[in-house]
Amino acid sequence: MGVRSLEVNKDSFRPPEDDDKLLDPEVLYLSAIDALIKFVALEISGKNYMSLVLDAEIHLDAMGLGDAIKDKNKASTQDCAKALIFLHHRLDEWLKIEYLTVKDPFILCNVLKERYDNLKITSKLKLCGDSIIDYDVLEKVFTTLHASNTILQQQYREKGFKKYSALISLFLVAELAHEKL
């Protein structure tokens, strides 16, 4: 809730005078764009990862912050902070907590990319016309589990998952439960 001053000179809603310093036009522009473009937060499942990445890259480029998420960037500390704030506002609450200590937007983008890269590969194969069935993806997940997790691999196979998304949801729930411990 804003508090208005009874003193006319301190009232922020009074008409500007000739010597009043106005906000930089860039600030107004960026605020207007941010108000118009509302992103859905990145779901922890990564379901909307691809569309969010594309939208975020375009938006950061439009704001002049696109270099902040590139390797060996020469972006200023202030631009990196702006980009990081922008990215954090588009994360699920659990992801915000998990990546709270990441202070570099480039590193945050890479961590998210590593986490959700399998979704990207599947989407690219579908775009190329290759048919990807859940069985193939599930098999790939089972065979890439670490050798020390062979019992888990057998248990997951025995559960008879038919959908990749169901297995990933189970992994995410297990990960969240493990983090709470």
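Atom CZ of residue F86 and atom CE of residue M63 lie 6.5 Å apart, to the nearest 0.5 angstrom. A distance of 9.5 Å separates NE2 in H89 from CG in L84, rounded to the nearest 0.5 Å. Taking CZ of R90 as the start and CD1 of I85 as the end, the distance is 11.0 Å to the nearest 0.5 Å. Atom-to-atom distance recorded for L52:CG and L112:CG is 9.0 Å, nearest 0.5 angstrom. Taking NE2 of H88 as the start and CG of L100 as the end, the distance is 6.5 Å to the nearest 0.5 Å. With values rounded to the nearest 0.5 angstrom, L87 atom CG is found 11.5 Å from K96 atom NZ.
Across all non-hydrogen atoms, the minimal contact from K70 to D61 is NZ-OD1, 4.5 Å. Across F161 and Y156, no two heavy atoms sit closer than the pair CD1-O, 3.4 Å. Across all non-hydrogen atoms, the minimal contact from L95 to E43 is CD1-O, 4.1 Å. In plain terms, the two heavy atoms of D104 and A68 that are nearest each other are OD1-O, 4.4 Å. Taking both residues in full, the closest heavy atoms of A41 and N48 are given as O-ND2, 3.0 Å, listed atom of the first, atom of the second, then distance. Nearest heavy-atom pair across F106 and D71 is CE1-N, 3.3 Å.
Contact check for N73 versus C80: side-chain heavy atoms found under the 4.5 Å cut-off. Looking at heavy atoms from C-beta onward, D79 lies out of side-chain contact with D67 at the 4.5 angstrom threshold.
Hydrophobic clustering (ILVMFWY, side-chain heavy atoms < 4.5 Å, transitive): I97 and Y49 are in distinct clusters. Hydrophobic clustering, with ILVMFWY side chains joined whenever heavy atoms are under 4.5 angstrom apart, keeps L91 apart from I58.
A 6.0 Å sphere centred on CG of L54 holds more than 12 heavy atoms belonging to other residues, nucleotides or ligands.
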